[in-house]
Amino acid sequence: MVAASDAIAEQVLGQNISYEPTWELALSDITPSYDPPLLGVRVVDLVSGPMQNVGRLLIDLGATVVRVRLAGVTDDSGFGPVVGGIALGSAIAARGAGAVTIDPATDAGRSEWENVLAASDILIENTAPGSSAEATLAIPEITTTHPSLVVLSISDFGRDNDFSRWQATTPVIHALTSELSRSGLPGRAPLMPPGELPYDVAAAQAAFEALSMYVDRLRTGSGCRIDFSVLDGAMQALDPAYGMTGSASAGVPLSSLPRGRADERYKYPIIACKDGFVRICVLAQRQWRGMFEWMGRPEEFADPKYDKLLVRFKSPDLLPAIGRHFADKTRTELEQQGQEYGVPTASVLTPDEALATEQIRSRGFLREVELAPGVIVPVPAGAMEIDGARAWVDTPPETTAEQRPRGDILAARPRTRPGLPLDGIRVLDFGVIVVGGDTGRLFGDLGADVIKIENSAFIDGARGAQGPAGMTPGFAAGHRNKRSIGIDLRNPAGQKLVRQLVRSADIVLTNFKPGVMNSLGLDYGSLEDVNPGIVVVDSSAFGPTGPWSRRLGYGPLVRAATGCTARWVYPDDPGSFSDAITVYPDHVCARIGALGALALLIRRERTRLGGSVSVAQSEVMLGHFAPVIAAGHLLEGGLPQVDVLERDAPWGLFPAAGDDEWLAVTVRDDTDWAALCSAIGRTDLLDDEALSTAADRHAQRDRIDTALAKWTREHAPSDAMKLLQEAGVPAGAMLRGADLPDWAYCKQRGAFREERHPRGREPYVLENVQIHADPVAEPPYGPAPLLGEQTRRIAEDLLGLDEDQIDDLLRKGVLEIAVPRTS
């Protein structure tokens, strides 16, 4: 590794420093056996800004991605901290892509551009709706001339609604998705989550949508244009108000939370100890009993009523007692003891501590990359593993015509339901809780036959709070468009039935603790003998290998162990951990797993063989902070607070008229600044030469914030948002989950719909459209099943069993059928 130059240090922090790494990189060679699943898939990338990570995901899966600088269309705007003139986010995202400059205004340029399009499978672009760049690119003409091309058109708010010309930034999206209303502590202002999470998760959603339509194109020969909204992607994949919720929610959807930020820290509590903090998850009855033993069986908590989650949540004495028990122990001791007693426990690590763990080192997660001469940084090596190898491509792959996906396997299964691109694909879903449930639901909403395999002895934790009605909004959201078969996986006869189901399946999904599927003989190595074309996806907290692989993992523990929780604090209070009820990273990890599965289906067209995908939720999360990790290790003292280095002023949250109402307002450049000053009637600020540059405004941020807050306090947030957006200033009112279905934007985009469930007392509000493209229908109305609700039908149709055989297996407990409960 080389030292950062003094010039780089001066540009970032204004001081001379040398580079002394605070941890040691564990470098390893790329596994030679990695067969990139998208080898032969050709992508044209015109994207600028943080959505360049769509291309990054496709590059690491093996696609040949060419970044085209198209005159009159693309710009050079990068993203991420700027170090030595390098926008680190953009540089990391573009690593491994080809590059070409084309001027379509010339005859030679037009010819070259046409040749590029004719040779490509997917085009990604993010011209602004209504802009001259959009008109110059002329996507309608491209799709007419190249009807087999899949076009992913990205914009902040989509291209088909009254908000299409509105503009977004990270704070604006956090506010409008409602995620911001759940971030922060009671009695304080909302807290902006760390990083650029809305764009990171939206990139995964966009990549999944593009591959879904490419899979359909392999079957039909026809492409389409996807109208992708970053706001939609973030609303669905970060912390969806109407999506699946964690076990601690006790069945209450996020949309039902009170308008104020309730204190939810007791659900996944963070407790002080001898050398810092640890977070625990005591949700299941067995976890509580482990905690009870760990505490020495205290008499005051011996009452069996404490077996109930809600009783523990309401106890004013339990957490203080746990705190006293932890106070004289170190984080390491508590983690070890937590494992011994079966209580999920994780240290709250700083980002530097997280990167220095043996788990990160042993898995070769970070690789050294030279982004520019003398600028060498650690970069996460892919978002997943394929066939046990890190999905990482550093240089554009060489491909031949023979390596192009043919499509004949998928083409042999024509769609029987119009508008559903994954119709005809069968998925066996062992997934549980949020990431497991949501992965299968993505496929089911697009037409796949998703069969949930479960049994009451080891019930999906998401069913745990269903009550007498047998259903909750969260379970209905995460398991619609699935069928359920009850099978006892501990019974060899049940395992045999599963292997028989695998013969007709394409994909198997699981997120059990690593080793469980192996012990059942249902891991990829066992199933490929049954079906050589099967694709198996496993998701776990920390990955299938390494010293932490067997740890019980919940999203809050993953956030604590990766340094995310330590960054999710108020700047003036390092202990103000404020990620209590977010579900991140479960929903985005579902997209990464589904993306890997589709990539392997595409590779199967070339190789006739399936493969395995492994997703480590901790690594997906750390990957979202790649630019900050890179910047931090070019600077002394580990990870810096680099966020402000790339921002103008004002940039943040401002109080609006009303009770706990807030408005996100962001200025990106001089144009935004002029528009803001005019909109709020403060042309005196615009005329002040002391505020004429971004650096000047940054230096006088407090003065600007005070002036803007005076104006925002006099306006309702929705009125202020509209006024500023019409002036061209990115702004967003902080919405609550309950606000979203009635917001005009969501109505125009068809974001939500009401569904009646046979076991629900009232209609549930659930997410609706996933892919906005003319050929794609809305998700089917398939209500989430009761446990084993379709056991008989599946056993007859797919296992070939007759009624007597089914009855015999039911008596023996090998098969199971739901017994409907009365409400």
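Everything numeric in this text was worked out from a predicted model, so none of it was measured.
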*Side chain Glu528, main chain Val535, donor-acceptor under 3.5 Å*: no
*Quick one: salt bridge (charged side-chain N to carboxylate O under 4.0 Å, His left out) partners of Asp227, sequence neighbours excluded?*
Arg749
*Backbone N/O of Val450 and side chain of Asn481: donor-acceptor pair under 3.5 Å*: no
*N/O donor-acceptor pair under 3.5 Å between Ser618 side chain and Ala541 backbone*: yes
*Which distance, rounded to the nearest 0.5 Å, do you find between the CG of Leu61 and the CG of Leu598?*
10.0 Å
*Give the intermediate values and the outcome of side-chain contact (heavy atoms from CB on, under 4.5 Å) for residues Ile124 and Val44.*
CA-CA 6 Å; Ile124 311 173; Val44 180; over 6 Å; no
*If you measure from OG on Ser539 to CG on Leu509, what distance do you get to the nearest 0.5 Å?*
10.0 Å
*With Asp423 as reference, evaluate Arg417, Arg415, Arg413, Arg219 under the salt bridge (Lys or Arg N to Asp or Glu O under 4.0 Å) test and give the passing residue.*
Arg417
*asked:* Strictly below 4.0 Å, N to O, side chains only: are Arg69 and Asp76 in salt-bridge contact?
replied: yes
*Taking the side chain as C-beta and beyond, is there a heavy-atom pair between Arg591 and Val201 under 4.5 Å?*
no
_Strictly below 4.0 Å, N to O, side chains only: are Lys482 and Asp445 in salt-bridge contact?_
no
_Can you give me the closest heavy-atom contact between Met621 and Cys564, atom names plus distance?_
SD-CB, 3.6 Å
*Output, in order, the C-alpha distance, side-chain angles, deciding distance and verdict of side-chain hydrogen bond (donor to acceptor under 3.5 Å, both in side chains) for Ser484 and Glu454.*
CA-CA 7 Å; Ser484 172; Glu454 52 184 334; 2.7 Å; yes
*For Arg225 and Ser153, does a side-chain donor sit closer than 3.5 Å to a side-chain acceptor?*
yes
_Test item: Ile386 and Val613 side chains (from C-beta on) under 4.5 Å apart, heavy atoms_ = yes
*Enter the distance from Phe79:CZ to Glu196:CD here, rounded to the nearest 0.5 Å.*
8.5 Å
*Contact check, side chains of Leu622 and Pro380, non-hydrogen atoms, under 4.5 Å*: no
_Show, in sequence, the C-alpha distance, side-chain angles and deciding distance for His624 and Tyr584, and conclude whether the side-chain hydrogen bond (donor to acceptor under 3.5 Å, both in side chains) test is met._
CA-CA 12 Å; His624 292 161; Tyr584 172 76; 2.8 Å; yes
*Is a side-chain donor or acceptor of Asn531 paired with a backbone partner of Gly533 at a separation under 3.5 angstrom?*
yes
*Check the pair Thr177 / Glu179 against side-chain hydrogen bond (donor to acceptor under 3.5 Å, both in side chains), numbers first and verdict last.*
CA-CA 5 Å; Thr177 61; Glu179 199 280 332; 5.6 Å; no
*Is the shortest side-chain N to carboxylate O distance from Arg367 to Asp394 below 4.0 Å?*
no
*Determine, step by step, whether Val537 and Thr510 satisfy the side-chain contact (heavy atoms from CB on, under 4.5 Å) criterion, reporting the C-alpha distance in whole Å, the side-chain angles of both residues, the deciding distance to 0.1 Å, and the verdict.*
CA-CA 6 Å; Val537 179; Thr510 174; over 6 Å; no
_Rounded to the nearest 0.5 Å, what separates atom CZ in Phe157 from atom OG in Ser229?_
7.5 Å
*Hey, are the side chains of Ile226 and Val151 touching, using non-hydrogen atoms and a 4.5 Å cut-off?*
no
*Does the side chain of Arg604 reach to within under 4.5 Å of the side chain of Leu600, using non-hydrogen atoms?*
no
_Exam field: side chain Asn511 to backbone Val432, donor-acceptor pair closer than 3.5 Å_ = yes
*Nearest heavy-atom pair of Gly382 and Trp392: which atoms, and what distance?*
N-CE3, 4.0 Å
*Is the closest side-chain heavy-atom distance between Gln205 and Gln770 below 4.5 Å?*
yes
_Check: Arg390 side chain, Arg363 main-chain N or O, donor-acceptor pair, under 3.5 Å_ = yes
*asked:* If I compare all heavy atoms of Val620 with all of Ala383, which pair ends up nearest, and what's the gap?
replied: CG2-O, 3.6 Å
*Could you walk me through whether His479 and Lys452 pass side-chain contact (heavy atoms from CB on, under 4.5 Å), step by step?*
CA-CA 8 Å; His479 293 276; Lys452 182 172 175 59; 3.5 Å; yes
*Heavy-atom donor-acceptor pair, Asp586 side chain to Val434 backbone, under 3.5 Å*: no
*Return yes if a side-chain donor-acceptor contact under 3.5 Å exists between Tyr745 and Asp232, otherwise no.*
yes
*Is NZ or CZ of Arg753 both nearer than 6.0 Å to the six-membered ring centre of Tyr781 and within 45° of the ring axis?*
yes
_Arg426 with Asp506: basic N within carboxylate O range, under 4.0 Å_ = no
*asked:* Please check: side-chain N/O of Thr395 versus main-chain N/O of Gly96, any donor-acceptor pairing under 3.5 Å?
replied: no
*Under the side-chain contact (heavy atoms from CB on, under 4.5 Å) rule, what do Asn126 and Ser48 come out as? Steps first, then yes or no, please.*
CA-CA 7 Å; Asn126 68 336; Ser48 61; 4.0 Å; yes
*Is the backbone N or O of Val393 less than 3.5 Å from a side-chain atom of Asp60, with the two atoms forming a donor-acceptor pair by type?*
yes
*Minimal non-hydrogen separation, Gly78 against Ala87, with atom names*: CA-CB, 4.1 Å
*asked:* Do Ile433 and Asp460 make a side-chain contact, defined as non-hydrogen atoms from C-beta onward lying under 4.5 Å apart?
replied: yes
*Which one of Gln52, Arg95, Arg67 satisfies the side-chain hydrogen bond (donor to acceptor under 3.5 Å, both in side chains) criterion with Ser90?*
Gln52
*List the atom of Ala590, the atom of Leu442, and the distance in Å for their closest heavy-atom pair.*
O-CD1, 3.9 Å
*Sub-3.5 Å donor-acceptor pair from the side chain of Glu605 to the main-chain atoms of Leu410, do we have one?*
yes
*Gap separating the CZ atom of Phe443 from the CG atom of Asp449, nearest 0.5 angstrom*: 13.0 Å
*How long is the gap from CE on Met244 to CD on Glu767, to the nearest 0.5 Å?*
11.5 Å
*Begin with the C-alpha distance, continue with both residues' side-chain angles, and end with the deciding distance and a verdict on salt bridge (Lys or Arg N to Asp or Glu O under 4.0 Å) for Asp121 and Arg404.*
CA-CA 10 Å; Asp121 303 298; Arg404 300 271 295 152; 2.6 Å; yes
*Side chains of Arg217 and Ser222: does their closest heavy-atom pair fall under 4.5 Å?*
no
*Worked verdict on Asp429 versus Arg483 for salt bridge (Lys or Arg N to Asp or Glu O under 4.0 Å)*: CA-CA 10 Å; Asp429 182 5; Arg483 302 189 288 164; over 6 Å; no
*When you look at CG of Asp774, are more than 12 heavy atoms from neighbouring residues, nucleotides or ligands closer to it than 6.0 Å?*
no
*Which atom names give the shortest non-hydrogen contact between Ala237 and His587, and what distance separates them?*
O-CB, 3.4 Å
*Going by an N to O cut-off under 4.0 Å, is there a salt bridge joining Arg56 and Asp45?*
no
